[in-house]
Amino acid sequence: MDDYEGGLSIHPMDQFIVSPVFGDGPVGMFTVTNATLWMALAVLSVILLMVVGTRGRAVIPSRSQSIAELAYGFVRNMVEDVAGKDALPYFPYIFTLFLYILFANFLGLIPGSFTTTSHIAVTAILAGAVFLTVTILGFVKNGAGFLSLFWVSSAPLALRPILAVIELISYFVRPVSHSIRLAGNVMAGHAVLKVFAGFAGALGLAGIAPIIGVVAIYGLEVLVSAIQAYVFTILTCVYLKDALHPHH
């Protein structure tokens with residue numbers, strides 16, 4: 001936030017700028033940036049919870065072990081309910097996706113941190129990996145029968161070619177919507193937070209209303225962070241179901 005010609009200027013998008021952690025030079029292929037730092041912290045958080053937090057394997061679990069077991073059971077039930085029992089061999093991959101996105105979203109709510117999931121470059125890689133995985137798996141498991149996913153046999157014969165084109169387009173749009181949904185929701189929430197925080201700082205003692213707004217939006221962002229991790233994961237389960245059972 002700064003003053004410009006007597007007016008107030010707030011830059012809510014500055015928080016998404018990728019910059020080097022050490023020095024102020026250009027960002028190269030091997031430059032350690034704020035994005036890579038917070039991605040590494042998200043991975044480290046997952047390891048601490050699932051490896052260190054559960055190493056005791058106590059009958060009466062500790063808090064960390066309880067959280068890990070609840071997360072494990074929640075995602076496992078999701079995979080089984082949505083994609084079926086034959087999808088359980090792919091549960092570790094889906095569980096890893098869920099935990100990484102969840103921790104990346106939560107870490108991004110720490111003041112002064114960097115939200116990696118607000119960048120389409122990050123979410124596009126995650127969504128692209130899901131898209132390639134389920135597509136390859138669909139052909140490996142079903143061969144040419146995987147193409148039946150695009151052929152709506154229950155529709156009238158005259159409409160089937162048109163529906164096949166629509167199904168094919170919607171299939172290739174999946175990674176786009178999958179990635180934009182996560183990045184867009186996270187970015188929008190953080191931008192609104194920055195705007196309200198800027199108003200609160202500019203108004204001084206009179207900024208009680210923006211402060212209340214910041215608290216309310218922050219609480220909403222905590223909820224959105226968990227929901228978006230859930231939505232990304234359950235869509236992955238839906239796509240996995242289509243790969244394993246492509247027949248309409």
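- Using bins of under 30°, 30° to 60° and over 60° for the plane-to-plane angle, the ring pair His119/Phe114 lands in the tilted bin.
- Side chains of Thr133 and Tyr239: no donor on one and acceptor on the other come within 3.5 Å.
- Gln228 places no side-chain N or O within donor-acceptor distance of the main-chain N or O of Asn185, the cut-off being under 3.5 Å.
- Ring planes of Phe146 and Phe150: perpendicular class, angle over 60° (limits at 30 and 60°).
- No continuous path of ILVMFWY side-chain contacts below 4.5 Å connects Trp38 to Val122, so the two sit in separate hydrophobic clusters.
- Transitive grouping of hydrophobic side chains (ILVMFWY, heavy atoms separated by less than 4.5 Å) brings Phe95 and Leu88 into a common cluster.
- Of the possible donor and acceptor atoms, one in the side chain of His178 sits under 3.5 Å from a partner among the backbone N and O of Phe232.
- With Asn142 contributing its side chain and His245 its backbone, the two residues share no donor-acceptor pair below 3.5 Å.
- Judged purely by atom type and a 3.5 angstrom limit, Ser170 uses its side chain to pair as donor or acceptor with the backbone of Glu167.
- Under a hydrophobic-cluster definition in which Ile, Leu, Val, Met, Phe, Trp and Tyr are linked whenever side-chain heavy atoms come within less than 4.5 Å, directly or via other members, Val222 and Ile67 are assigned to the same cluster.
- Proximity of a side-chain donor or acceptor of Thr123 to a complementary backbone N or O of Ser179 within less than 3.5 Å is detected.
- A single hydrophobic cluster is seen to contain both Phe22 and Val18, as judged by linkage of ILVMFWY side chains at heavy-atom distances under 4.5 Å, directly or through other members.
- Ile120 and Val224 fall into different hydrophobic clusters, defined by Ile, Leu, Val, Met, Phe, Trp and Tyr side-chain heavy atoms under 4.5 Å apart, directly or through other members.
- Looking only at distances, no side-chain donor or acceptor of Thr116 sits under 3.5 Å from a matching main-chain atom of Ala104.
- Atom CD1 of Ile125 sits in a sparse spot, with 12 or fewer heavy atoms from other residues, nucleotides or ligands closer than 6.0 Å.
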*Chi angles and distances behind the salt bridge (charged side-chain N to carboxylate O under 4.0 Å, His left out) call for Asp86, Lys141*: CA-CA 11 Å; Asp86 50 349; Lys141 289 289 185 179; over 6 Å; no
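- No side-chain heavy atom of Leu107 sits under 4.5 Å from any side-chain heavy atom of Ser113.
- Relative orientation of the Phe131 and Tyr171 rings is tilted, given thresholds of 30° and 60° on the angle between their planes.
- Judged by distance alone, with hydrogens and angles left aside, the side-chain atoms of Ser148 form no donor-acceptor pair with the main-chain N or O of Trp151 at under 3.5 Å.
- Judged by distance alone, the side chains of Ser64 and Ser62 do bring a donor and an acceptor atom under 3.5 Å apart.
- Between Tyr72 and Phe91, the ring center distance clears the sub-6.0 Å criterion.
- At least one side-chain heavy atom of Val130 sits less than 4.5 Å from a side-chain heavy atom of Tyr93.
- Side-chain contact between Met78 and Cys237 is present, with heavy atoms from C-beta onward closer than 4.5 Å.
- Here the side chains of Leu102 and Ser225 are not in contact, with every heavy-atom distance at 4.5 Å or above.
- For the pair Leu193/Gln15, no side-chain contact is recorded, criterion being any heavy-atom separation below 4.5 Å from C-beta on.
- Note on ring orientation: taking the six-membered ring where Trp is involved, the planes of Tyr230 and Phe74 are tilted (angle from 30° to 60°).
- You'll find the side chain of Asn105 stays beyond 4.5 Å of the side chain of Leu109, heavy atoms only.
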